[in-house]
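Reviewing the structure listed below.
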Amino acid sequence: MEHLLQKIAALKAEIVSFQDADAEVFRIKYLGSKGHVKIIMGEMKNVAVENKKEAGQFLNEFKLFAESKYENLKALSNNETPDKLNDIDLTLPADILPLGSRHPISLIKNKIISIFQRLGFTVAEGPEIEDDFHNFTALNLPENHPARDMQDTFYISQNPDWLLRTHTSSVQVREMQKGNLPIRIICPGRVYRNETISARAHCFFHQVEGLYIAENVSFADLKQTLYFFVQEMFGKEVKLRFRPSYFPFTEPSAEMDISCMICEGQGCSVCKKTGWVEILGCGMVHPNVLDNCGIDSNKYTGFAFGMGIERITMLKYQIKDLRLFSENDQRFLKQFTSAV
Ligand code: PHE
């Protein structure tokens with residue numbers, strides 16, 4: 001269908017710029033028994049059934065367009081003054097350009113955003129080029145802290161204080177500094193890490209991180225929020241579990257797994273035969289982080305979480321290679337029309 005539309009568009013352009021004033025030459029070339037109109041009409045049989053109606057309309061319009069050009073050429077050669085306005089039929093619909101589709105990462109990102117928006121979270125954004133303070137120091141990772149090595153960072157050569165953010169926690173720092181409490185935000189965005197590109201890792205990827213700070217926020221609130229998210233995202237039958245973990249900016253910290261929906265817990269290559277797949281890191285915001293950002297840690301508590309959108313998209317659509325997301329292969333991209 002797309003191919004046909006492109007052909008029609010090309011022929012139309014050719015007809016518009018048809019210079020030879022000989023109406024007969026035009027008629028034979030376009031309207032004759034072996035002319036372009038006939039040939040392209042013949043392509044109807046290759047059009048998929050569901051597109052036939054639409055294709056028929058385009059073909060008919062094209063035929064009328066060619067016929068009106070012929071009438072004008074005839075008028076010209078009979079020395080009649082052609083109606084200049086009629087030469088271009090302004091009522092014809094514009095040429096159809098092939099439509100793109102949404103990128104799977106965008107589809108899943110939007111779905112994640114809408115789930116958290118229903119819980120009252122708003123979207124916050126920040127710069128991809130960050131300074132050391134917002135990406136590390138404020139998050140309880142002072143200089144020389146070994147945990148800085150957990151994320152291989154790209155530094156900007158002109159200024160050692162600048163880097164490509166390794167997580168969108170930096171946006172959370174910026175929001176905390178504004179001091180408008182309570183805070184209930186999610187931070188979607190692209191992040192960068194100096195990793196060797198493979199089927200499972202890339203030097204850039206996308207995250208959605210979340211932050212809730214108010215009085216009396218507890219780990220139970222965190223669990224309930226993530227429980228709601230998992231049910232909305234993956235369905236009611238999916239189970240989840242928390243494992244203790246370590247992040248410098250949260251205490252206690254945890255990683256959250258969901259039961260593998262590909263093998264339903266039986267054990268497959270995606271869950272590495274464990275029946276569980278890790279989907280995010282989370283925890284209670286470390287008091288040092290609150291203090292670093294000018295929030296009274298005696299009065300306020302909060303939780304934070306962060307997930308990779310690629311990971312969730314791969315699970316949802318059963319995509320096995322992360323590199324597909326950034327290769328711009330139309331055959332891959334065309335398959336995604338709406339979030340599953
Ligand atoms: N910032 C962490 C990362 O990028 C994720 C995270 C966010 C973990 C918030 C805990 C709390 O890996």
Side-chain angles (χ1 to χ4, degrees), residues 105 109 112-113 116 119 121 123-128 130 132-142 145-154 163-176 183-195 200-213 217-227 229-230 240-258 277-290 292-293 295 297 300-312 322:
I105 297 287
K109 178 185 81 180
I112 298 173
I113 291 175
F116 283 106
L119 290 175
F121 285 79
V123 171
E125 287 179 328
E128 291 185 16
E130 260 301 356
D132 184 279
F133 178 79
H134 291 93
N135 196 79
F136 288 129
T137 309
L139 290 161
N140 202 27
L141 281 136
H145 192 291
R148 283 192 180 208
D149 295 341
M150 278 164 70
Q151 303 177 349
D152 296 309
T153 311
F154 284 119
L163 45 87
L164 296 180
R165 67 179 179 197
T166 59
H167 48 193
T168 57
S169 305
S170 52
V171 183
Q172 306 185 344
V173 172
R174 288 179 181 275
E175 289 299 314
M176 285 189 271
I183 296 172
R184 201 188 323 224
I185 50 163
I186 45 168
C187 313
R190 181 175 279 195
V191 301
Y192 302 83
R193 292 184 198 177
N194 190 0
E195 302 213 21
R200 304 180 63 91
H202 212 294
C203 57
F204 63 81
F205 59 99
H206 301 79
Q207 280 191 326
V208 176
E209 293 213 353
L211 176 71
Y212 178 37
I213 299 180
V217 177
S218 71
F219 203 93
D221 298 319
L222 168 64
K223 274 177 124 172
Q224 193 56 38
T225 302
L226 294 178
Y227 184 57
F229 166 70
V230 168
L240 70 167
R241 71 175 187 189
F242 289 82
R243 277 180 294 104
S245 183
Y246 170 76
F247 298 103
F249 26 86
T250 46
E251 182 60 37
S253 304
E255 277 169 316
M256 192 181 84
D257 300 338
I258 58 170
V277 272
E278 182 212 317
I279 62 160
L280 56 83
C282 59
M284 300 305 293
V285 180
H286 198 296
N288 289 353
V289 174
L290 296 175
N292 290 343
C293 300
I295 294 175
S297 57
Y300 292 101
T301 50
F303 66 69
F305 57 85
M307 65 187 98
I309 306 179
E310 274 79 354
R311 165 67 69 95
I312 307 228
L322 193 87

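When a ligand or atom number is given, it counts from 1 through the structure's own listing order.
- Within the 4.0 Å heavy-atom shell around ligand 1 one does not find His286.
- The proximity of Met307 to ligand 1, defined as any non-hydrogen pair under 4.0 Å, does not occur for either the backbone or the side chain.
- Selection from Gly210, Gly281, Gly308 by nearest heavy atom to atom 8 (C) of ligand 1 gives Gly281.
- Under the 3.5 Å distance criterion, with hydrogens and angles disregarded, no donor-acceptor pair is assigned to the side chains of Thr137 and Asn292.
- Listed for the Glu310 side chain is a donor-acceptor partner under 3.5 Å among the backbone atoms of His206.
- Of all the heavy atoms of Cys282, the ones lying under 4.0 Å from any atom of ligand 1 belong exclusively to the backbone.
- You'll find the ring centres of His167 and Phe205 outside the 6.0 Å limit.
- Between His202 and Phe204, the ring-plane angle classifies as tilted under the 30° and 60° cut-offs.
- Of the heavy atoms in Phe249, only side-chain atoms (C-beta onward) come closer than 4.0 Å to ligand 1.
- Residue Phe247 has at least one heavy-atom neighbour below 4.0 Å for each of these atoms of ligand 1: 8 (C), 10 (C).
- Ligand 1 has an N or O atom lying under 3.5 Å from an N or O atom of Gln207, backbone or side chain.
- Checked against the 6.0 Å centroid criterion, the rings of Tyr192 and Phe154 do not qualify as a close aromatic pair.
- If you number the atoms of ligand 1 from 1 as listed, the ones under 4.0 Å from a heavy atom of Arg193 come out as 3 (C), 4 (O), 12 (O).
- An N or O contact shorter than 3.5 Å is missing between Thr166 and ligand 1 by distance.
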Determine, stepwise, if the pair Arg241 / Glu278 fulfils salt bridge (Lys or Arg N to Asp or Glu O under 4.0 Å).
CA-CA 9 Å; Arg241 71 175 187 189; Glu278 182 212 317; over 6 Å; no
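- The aromatic ring centroids of Phe116 and Phe305 lie less than 6.0 Å from each other.
- Short contacts between ligand 1 and Glu209, defined as distances under 4.0 Å to a heavy atom of the residue, involve ligand atoms 1 (N), 2 (C), 3 (C), 4 (O), 5 (C), 7 (C).
- Not a single heavy atom of Gln172 sits under 4.0 Å from any atom of ligand 1.
- Less than 4.0 angstrom separates some heavy atom of Ser169 from each of these atoms of ligand 1: 1 (N).
- Under the 4.0 Å criterion applied to side-chain N and carboxylate O atoms, Glu130 and Arg174 are assigned as salt-bridge partners.
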